Amino acid sequence: MASLPKIYDPQEIEGKWYQFWQNNGFFHAEATSDKPPYAIVIPPPNITGSLHIGHALDNTLQDCLIRWKRMQGYNVLWMPGTDHAGIMTELIMERRLADEGTSRIALGREKFVEQMWEWKEETSDYIVSQLQKLGCSCDWDRERFTFDEGFVTAVKTAFLHLYNQGLIYRDTYMVNWCPNCNTVLSNLEIEPIEIDGNFYHIRYPVIDSDVMLEIATTRPETMLGDTAVAVHPDDERYQHLIGKKVLLPLCDRKIPIIADDYVDTEFGTGALKVTPAHDVNDYEIGLRHDLEQRTVFTQDGHINENAPKKYVNLSRWDCRKMVVEDLKKEGFLVKIVPHRHAVGHHDRCNTVVEPAISPQWFMNVRPLAERAIEATKKGEITFIPERETTRFFHWMENIEPWPISRQRWWGHRLPIWYCNACDAVTVAMDTPQQCECGATDFHQDEDVLDTWFSSGLWPFSTMGWPEETDELKTFYPTSVLVTGWDILFFWVARMIMLGLGCMDEVPFRKVYLHGLVADEKGQKMSKSKGNSIDPLETIATYGTDAFRFALANTSTPIPYVPLLESQIEAGKRFTNKIWNAARFILMNLEKFPVPAENAEMTEGQELLEIQWIQSRLSHTIKTATDAIENFRFYEMAQTLYAFLWHEFCDWYLEFAKQRLSKNEPKALWVAADVLEQMMRLLHPIMPFLTEEIWQQLPHGGNNSLANDNASVTVAPWPEPIGENPTAEATMTNIMEVIENIRSIRGELNVPIGASVEVHIQSPNAEDRKRLETYLEQYLPAFTRVSNITIAESLPKPSASAEAVIGDLAIYIPLAGVIDFEAEKVRLTKRHDQTVKDVAAAQKTLENPNFIERAPEKVVAQKRELLERLLVEQEKLARSLTMLSS
RNA sequence: GGGCGGGUAGCUCAGGUGGCUAGAGCGACAGCCUUACAAGCUGUAGGUCACAGGUUCAAGUCCUGUCCCGCCUACCA
């Protein structure tokens with residue numbers, strides 16, 4: 001034991017324990033159990049490669065909850081798995097294929113999907129290994145994938161179920177189209193990005209008149225598809241033109257001037273070109289006025305044959321240039337005004353999205369959204385932090401139909417079959433046998449489902465739905481969902497709606513939405529920005545536990561949590577501190593083994609420092625438990641850190657050393673007990689280090705230390721035994737004396753090796769008795785003292801430094817050492833501060849309303865404070881006068 | 001346009017329902033290799049709690065307004 005290395009080596013320790021936990025089946029959840037259930041489904045990472053910093057945070061927090069509840073004796077299920085992640089994964093694969101000189105199209109659908117599966121096998125193994133490196137205690141026996149066989153069944157079942165309820169339908173509507181990915185997208189997948197564009201002012205000549213109607217547009221190329229010009233019905237400038245026609249420049253088509261309320265007379269020129277096939281608003285106007293929908297773009301963003309010949313096959317952007325050029329040439333271009341505006345981009349491939357008219361499958365989510373709102377209002381789901389509830393409601397209340405079909409290959413095929421003879425639609429689990437028309441030939445819809453459709457089934461599909469499994473009975477609804485707020489709409493909202501739609505019950509009781517990891521400038525960390533911290537590198541450098549501690553410790557309830565390298569370093573120092581505290585205790589336990597009999601252990605527990613540390617531990621247990629209960633991971637981390645470092649190590653172990661030097665081991669045994677409990681408290685945050693130390697500490701058998709479990713992973717969560725205010729108050733007083741002596745020594749530069757005499761004057765007999773009892777025992781552990789004198793009244797020795805604590809005065813004779821000027825500066829500083837504090841307290845107490853209205857307790861406290869401050873002030877003033885004379 | 005979050009020490013952040021003399025980590029300064037830990041120990045400095053009003057006996061905390069920063073959301077061509 002004494003051979004424990006001085007420096008904690010995480011690589012060595014962390015390697016061995018995960019396997020141990022796995023082999024013992026500690027992470028396995030029982031489908032049926034007497035224990036109360038606690039379940040979390042993991043937000044399945046995309047199979048697109050390695051875990052990023054956001055996963056590290058998300059999964060650390062989940063593992064904290066899971067490990068904590070497991071120790072509390074719950075039947076804990078942490079459901080793991082991965083997501084096939086539709087378009088995103090396809091795009092990455094396409095890039096790989098491009099590097100290999102081939103393409104998705106060249107491979108063809110079947111080959112392409114085959115390759116995707118091969119890749120999935122690689123990446124999901126890698127992701128699992130990374131989660132394990134992070135210490136995640138998932139139930140790996142139950143690992144799932146959003147595209148595995150069970151999911152195929154679940155997705156089809158869900159689709160059918162919702163279709164039969166009339167919630168899924170096909171419609172031709174204006175949708176967001178990505179010309180790069182050749183697919184429809186939902187609103188959520190569109191990221192509006194502000195760009196510097198232009199307002200192009202164009203003249204449209206009015207037919208049978210010499211008037212030119214000036215319109216303004218940011219997208220001149222769409223004029224090729226214009227089928228009207230609109231003005232506001234009440235706009236006096238254009239009244240006389242309504243009903244006339246303009247000749248569309250470059251196209252030589254005649255299009256009508258119509259009146260529509262949508263037009264804003266204040267904006268632009270007050271005249272709006274209408275392109276029903278390529279703009280959402282224009283589409284609406286077109287429907288109201290029965291305008292032609294003239295599509296001029298191909299699916300991949302080029303110009304089609306509906307446009308004048310010279311533009312056909314040009315890209316959107318080349319076409320814009322040429323149109324502007326031609327308008328200028330022909331005198332239709334009035335001016336170009338710079339204009340900054342938001343343009344929708346596909347969030348996955350960053351292509352400018354094109355509004356387009358397209359037949360798609362939609363889901364009418366409104367009824368489910370209403371149920372979700374109602375369920376939340378009834379308290380069936382709670383969002384943490386609370387502010388997220390408002391965001392959730394706002395989104396749900398304004399929800400629009402969800403386009404669920406995607407013109408892609410990697411995903412769940414729509415369970416829709418078309419009759420080859422009559423085109424009739426059949427929705428079914430498998431290919432139908434016969435159509436109503438009698439035909440027997442069918443083809444399945446080519447489209448796949450939006451990847452979030454299957455992710456939305458995650459909480460129940462992973463538990464075996466549509467089968468009525470024990471897992472569902474035991475664990476659904478799950479306890480908590482932990483994820484970043486950025487996917488509240490994408491995923492959380494969909495899970496709630498689909499949970500209600502398929503299970504008739506919300507999927508989880510609580511949703512904890514944590515912040516996103518950011519850098520020191522508050523910028524979200526991302527690979528593309530290059531400001532990201534790589535979890536695996538970090539683990540290699542600092543160790544998993546240090547990393548996890550930093551993550552928990554910085555996880556405050558703000559939207560962007562900055563993670564600084566220095567905080568991970570602090571985590572590492574903390575692991576080392578724990579390690580060394582354990583080393584000290586273990587080394588000494590070799591000399592003083594924990595006795596077999598409880599009696600021997602408990603004997604001597606009247607020692608003040610033992611009462612004190614046990615009281616503080618009790619307080620720590622209470623605070624830490626309350627913190628994690630309420631998802632305040634940072635508070636839990638900080639509480640445990642402060643207790644372990646600044647109370648247990650800084651003070652208690654020093655007391656214990658003092659006792660050991662006199663061959664009194666009880667304080668050491670208590671230290672071992674406190675450390676053992678601390679290892680349990682810290683285990684959710686730092687699983688590896690705590691297991692290593694816990695295994696070496698006495699924790700079973702006949703002694704009084706804790707329990708006899710095989711692993712801290714399944715050891716019981718500590719319970720507070722109650723606090724001891726008297727012991728704490730006494731100890732605080734002793735500490736103040738010690739700190740004041742140390743402060744004098746430090747500020748007056750008394751060499752560390754030099755012993756000093758300490759004279760303490762205290763008018764209170766009880767205080768004197770306490771000080772006599774304890775100072776003799778404790779002082780030597782903290783500072784070198786040659787002699788302690790305690791009396792009711794003492795003359796202040798000449799050439800001495802002084803400290804004042806209430807009615808207590810400490811004198812340290814420093815003849816020949818003392819720098820009177822330094823002492824004067826020191827006392828003046830304290831005196832001035834005291835004067836200020838006295839003034840503040842007096843001001844409060846002189847207010848009659850305060851005495852009258854404030855609670856008695858507050859008034860009494862204030863009086864006590866003032867009394868103490870006045871005494872201190874007086875003493876300091878007197879000493880200063882003496883020093884000056 | 002609507003909404004949300006933030007502005008507290010040099011830096012990054014804590015300060016649940018108003019009430020101890022406003023805290024931590026990191027950094028800074030000074031002194032220590034005190035046999036668990038120099039990845040450590042001891043001491044010190046550093047804050048008009050963005051600004052202006054208001055409510056209250058009492059405001060970092062509650063209300064109103066203003067100014068910055070960030071984000072979400074919306075169909076202004």
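Worth saying up front: this structure is predicted, and the values here are computed from it rather than measured. In what follows, chains carry the letters A, B, and so on, assigned in the order in which the sequence lines appear, proteins first and then strands, with residues in each chain numbered from 1.
- A:Asn281 and A:Tyr262 share a donor-acceptor pair across their side chains, judged by distance under 3.5 Å alone.
- Comparing the P positions of B:U34 and B:G40 gives an interatomic distance of 16 Å, to the nearest angstrom.
- Sequence order on RNA chain B of the closest nucleotides to A:Asp626 and A:Phe574 puts A:Asp626 first from the 5' end.
- A 3.5 Å limit on both hydrogen-bonding distances identifies no Watson-Crick or G-U partner for B:C49.
- A close approach under 4.0 Å does not occur between any side-chain nitrogen or oxygen of A:Arg391 and OP1 or OP2 of B:C72.
- Among the protein residues, A:Gly270 comes within range of the nucleic acid bases, having at least one heavy atom under 4.0 Å from a base atom.
- Within 4.0 Å (heavy atoms only), A:Leu865 reaches at least one base atom of the nucleic acid.
- Contact annotation for A:Pro192: no contact, since no heavy-atom pair falls under 4.0 Å across all strands.
- A distance of about 14 Å separates the C1' atoms of B:U8 and B:A59, rounded to the whole Å.
- Listed pair A:Thr556 / B:A14 meets the phosphate criterion, a side-chain N or O lying under 4.0 Å from OP1 or OP2.
- At a threshold of 4.0 angstrom between heavy atoms, the contacts of A:Asp650 are confined to the sugar-phosphate backbone, with no base atom among them.
- A:Phe489 places its CZ atom 11 Å from the C1' atom of B:C4, with the value rounded to the nearest Å.
- Here B:U44 presents its P atom at 9 Å from CG of A:Asn740, a figure rounded to the nearest Å.
- Comparing B:G46 with B:A24, their C1' atoms are spaced 15 Å from each other, to the whole Å.
- Remark: A:Trp395 is not in phosphate contact with B:A74, judged by side-chain N or O atoms under 4.0 Å from OP1 or OP2.
- Counting any heavy atom pair closer than 4.0 Å across all strands shown, A:Lys521 reaches no nucleic acid atom.
- Separation of atoms CH2 (A:Trp395) and CD1 (A:Ile399) is listed at 6.0 Å; rounding is to 0.5 Å.
- Among the heavy atoms of the strands lying under 4.0 Å from A:Val858 is at least one base atom, whether or not backbone atoms are also near.
- In this structure, B:G1 and B:U73 make a Watson-Crick or G-U wobble pair, each of the two defining distances being under 3.5 angstrom.
- For the residue pair A:Thr625 / A:Glu629, no side-chain donor-acceptor distance below 3.5 Å is found, with atom types taken as modelled.
- The shortest distance between the side-chain N/O atoms of A:Lys836 and the OP1/OP2 oxygens of B:U21 is not below 4.0 Å.
- Among the atoms of the strands shown, base atoms are found under 4.0 Å from some heavy atom of A:Leu272.
- Between B:A77 and B:G15, the two C1' atoms lie 49 Å apart (nearest whole Å).
- At the heavy-atom level, A:Val263 lies under 4.0 Å from base atoms of the strands shown.
- Using Watson-Crick or G-U wobble geometry with both donor-acceptor distances under 3.5 Å, B:G19 finds its partner in B:C57.
- Across B:G19, B:G5, B:A36, the shortest atom-to-atom separation from the side chain of A:Arg387 is found for B:G5.
- A:Tyr560 comes within 4.0 angstrom of the backbone, heavy atoms only, and of no base.
- Looking at heavy-atom distances under 4.0 Å, A:Trp485 makes contact with sugar-phosphate atoms alone, never a base.
- Atom CZ of A:Arg868 is separated from atom C1' of B:C20 by 11 Å (rounded to the nearest Å).
- Residue A:Ser743 places at least one side-chain N or O under 4.0 Å from the OP1 or OP2 atom of B:U44.
- Base contact: A:Asn281 has a heavy atom under 4.0 Å from a base atom.
- Annotation: B:U55 and B:C63 have their P atoms spaced 15 Å apart (nearest Å).
- The structure places NE2 of A:His201 at 7.0 Å from OG1 of A:Thr269, a figure rounded to the nearest 0.5 Å.
- Between A:Lys862 and B:U21 there is a side-chain N or O to OP1 or OP2 distance below 4.0 Å.
- In this structure, A:His646 does not reach the B:G23 phosphate: none of its side-chain N or O atoms is under 4.0 Å from OP1 or OP2.
- Here the C1' atom of nucleotide B:C71 and the CG atom of A:Leu513 are 15 Å apart, to the nearest Å.
- The same atom, P, is picked in B:C49 and in B:G60; the two are 7 Å apart, to the nearest Å.
- For the residue pair A:Asn576 / A:Arg573, no side-chain donor-acceptor distance below 3.5 Å is found, with atom types taken as modelled.
- Between A:His394 and A:Leu563, the one whose closest nucleotide on RNA chain B sits nearer the 5' end is A:Leu563.
- Across all strands, A:Glu191 comes closer than 4.0 Å to no nucleic acid atom at all (heavy-atom distances).
- Aromatic ring centroids of A:Phe782 and A:Trp651 lie under 6.0 Å apart.
- Counting to the nearest Å, the C1' atom of B:G16 and the OH atom of A:Tyr634 are 8 Å from each other.
- Relative to the ring axis of A:Phe584, A:Lys657 places its NZ or CZ within 45° and under 6.0 Å from the centre.
- Between B:A77 and A:Arg219, no contact under 4.0 Å exists linking OP1 or OP2 to a side-chain N or O.
- In this model, the phosphate group of B:C26 is approached by a side-chain N or O of A:Arg573 to a distance below 4.0 Å at OP1 or OP2.
- Judged by atom type and distance alone, A:Lys577 does not reach the base of B:A39 through any side-chain donor-acceptor pair under 3.5 Å.
- Residue-level contact check: A:Glu852 touches neither bases nor backbone, having no heavy atom under 4.0 Å from any strand.
- Checked against a 6.0 Å centroid threshold, the rings of A:Phe393 and A:Phe383 do not count as neighbours.
- We find that CG of A:Leu869 is positioned 8 Å from P of B:U21, with the value rounded to whole Å.
- The partner of B:C26, taking Watson-Crick or G-U wobble pairs whose two distances both stay under 3.5 Å, is B:G10.
- Across all strands shown, A:Gln861 has no heavy atoms under 4.0 Å from either base or sugar-phosphate atoms.
- For B:U61 and B:G7, the P atoms lie 11 Å apart once the distance is rounded to whole Å.
- Spacing of C1' atoms, B:G25 relative to B:A9, comes out at 12 Å, to the nearest Å.
- The nearest whole Å value for the distance from the NZ atom in A:Lys6 to the P atom in B:A36 is 10 Å.
- Under a 4.0 Å N-O distance rule, the pair A:Lys521/A:Asp519 does not qualify as a salt bridge.
- Atom CD of residue A:Glu747 and atom NZ of residue A:Lys829 lie 5.0 Å apart, to the nearest 0.5 angstrom.
- Atom CD of A:Gln567 is separated from atom C1' of B:C26 by 8 Å (rounded to the nearest Å).
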